[in-house]
Asks: 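Structure provided below as structure tokens; questions to follow.
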Amino acid sequence: MADKANLLVYGVPLHTYRWDFEGHFPVDKLRAAAELGFGGIYVKEDVGGCGMGRLDAAVVFEALSYGDVSVTAYLTIHNMVCYMLDAFGSEEQRQKYLPGLVTMDKLASYCLTEPGWFRVPV
């Protein structure tokens with residue numbers, strides 16, 4: 001999987017400064033990452049995920065971060081959301097949402113609120 005990460009990395013670095021400067025969100029590169037299996041790293045294979053563990057993912061994310069930290073950061077968030085849905089969602093929810101998330105046809109995220117200075121994931 002780290003070898004696949006290296007393949008993806010070499011197509012990204014030339015654009016990272018421009019993307020950040022212009023506020024561009026590279027959905028095409030994210031979908032290319034999903035084709036390599038990076039859209040559902042922790043997700044079980046029955047819905048298209050890779051079924052990998054945290055150590056495997058750490059190696060993948062480290063390799064990807066050499067190419068673009070911003071893209072890698074988003075991939076970690078997307079994969080965290082997918083994991084939560086896979087681990088704690090109902091079977092109906094898993095079947096409904098995860099196939100599109102794993103291919104990154106749908107993109108996942110979350111936000112933190114700070115009422116009273118406490119971070120509350122929502």
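Since the model is a prediction, treat every value here as computed from it, not as a measurement.
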Asks: Just say parallel, tilted or perpendicular for the rings of His24 and Trp19, cut-offs at 30° and 60°.
Replies: tilted
Asks: Partners of Asp20 by salt bridge (charged side-chain N to carboxylate O under 4.0 Å, His left out), sequence neighbours excluded?
Replies: none
Asks: Ignoring hydrogens and angles, tell me if any N or O in the side chain of Asp86 forms a donor-acceptor pair with the backbone of Leu98 under 3.5 Å.
Replies: no
Asks: Evaluate the side-chain proximity of Leu101 to His78: yes if any heavy-atom separation is below 4.5 Å, no if none is.
Replies: yes
Asks: Linking I/L/V/M/F/W/Y whenever any side-chain heavy atoms sit under 4.5 Å apart, do Leu36 and Val60 land together?
Replies: yes
Asks: What pairs with Tyr42 under side chain to side chain donor-acceptor pair (under 3.5 Å), at least two apart in sequence or on another chain?
Replies: Arg54
Asks: Do you reckon Leu64 sits in the same ILVMFWY cluster as Val71, going by side-chain contacts under 4.5 Å, direct or chained?
Replies: yes
Asks: Please check if the number of heavy atoms outside Glu22 that lie under 6.0 Å from its CD is greater than 12.
Replies: yes
Asks: Applying side chain to side chain donor-acceptor pair (under 3.5 Å), name anything that partners Gln95, two or more places apart in sequence or on another chain.
Replies: Glu91
Asks: Does the side chain of Asp105 come within less than 4.5 Å of Arg31's, by heavy atoms?
Replies: yes
Asks: Please round to the nearest 0.5 Å and tell me the distance separating atom OG of Ser90 and atom NZ of Lys96.
Replies: 9.5 Å
Asks: To check you understand the geometry: which heavy-atom pair defines the closest contact between Gly39 and Cys82, and what is its length?
Replies: O-SG, 3.8 Å
Asks: Would you compute the distance between atom OH of Tyr66 and atom CZ of Phe61 and round it to the nearest 0.5 angstrom?
Replies: 15.5 Å
Asks: I want to check something: taking the side chain as every heavy atom from C-beta on, are Phe25 and Leu30 in contact at a cut-off of under 4.5 Å?
Replies: yes
Asks: Assess whether a salt bridge exists between Arg94 and Asp46, defined as any Lys/Arg side-chain N lying under 4.0 Å from an Asp/Glu carboxylate O.
Replies: yes
Asks: When you look at OH of Tyr74, are more than 12 heavy atoms from neighbouring residues, nucleotides or ligands closer to it than 6.0 Å?
Replies: yes
Asks: Examine Phe88 and Tyr97 and state if one hydrophobic cluster contains both, with Ile, Leu, Val, Met, Phe, Trp and Tyr joined whenever side-chain heavy atoms are less than 4.5 Å apart.
Replies: no
Asks: I'd like to check Cys50 versus Val43 (side-chain heavy atoms, cut-off strictly below 4.5 Å). Are they in contact?
Replies: no
Asks: So Ser109 and Val81, do their side chains get closer than 4.5 Å, heavy atoms only?
Replies: no
Asks: Apply side-chain contact (heavy atoms from CB on, under 4.5 Å) to the pair Met80 and Ile41, showing each step before the final yes or no.
Replies: CA-CA 9 Å; Met80 181 189 65; Ile41 293 173; over 6 Å; no
Asks: Between the side chain of Asp56 and the main-chain N/O of Met52, is any donor-acceptor distance below 3.5 Å?
Replies: no
